[in-house]
Amino acid sequence: MLTYCIQFVKMCSKWGDYVDVLKVFGRNLKKYRNEIGLSQEGFAKKAGLHRTYISAVECGKRSIALENVQKIAEALDVDIHILFIEDQDNIEEV
């Protein structure tokens, strides 16, 4: 089975700027995780992943296998595409 991973790929936002997909994903993961009131450890357990992996993803320092993107979205109870949308109000250094 072929696994596709999201590398440090740049994608073009609707404003024409380039966005680091991993950082956008990480910021959104942290935002939605905090909204449901879970620690990294609690969320990792719910998603079936390791806490250090969640931490690295939130920091934009880990590539993410698509199956893990799906696990994260399901644990957050959000549509997958929501995790890739850059929220201008959510931009902060991770």
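No experiment lies behind these values; they were computed from the predicted model shown. All values below come from the heavy atoms of this structure, side chains included, with hydrogens, waters and symmetry mates left out.
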Closest non-hydrogen atom pair between [X] and [Y], with its separation:
X	Y	value
K46	I36	NZ-CD1, 4.4 Å
K71	L49	CD-CD2, 4.1 Å
S55	Q40	CB-OE1, 3.5 Å
A73	I80	CB-CG1, 3.6 Å
A44	H50	CB-C, 3.7 Å

Original post:
Got a sec, which residues hit side chain to side chain contact (heavy atoms under 4.5 Å, CB included) with E74, two or more places apart in sequence or on another chain?
Top reply: Q70
Are [X] and [Y] side-chain neighbours, meaning at least one heavy-atom pair lies under 4.5 Å?
X	Y	value
I82	N28	no
L83	L76	yes
Y32	E35	yes
F43	I72	yes

Using 0.5 Å steps for rounding, measure from the [atom1] atom of [X] to the [atom2] atom of [Y].
X	Y	atom1	atom2	result
E58	K23	CD	NZ	14.0 Å
N34	S39	CG	OG	10.0 Å
R27	D20	CZ	CG	8.0 Å

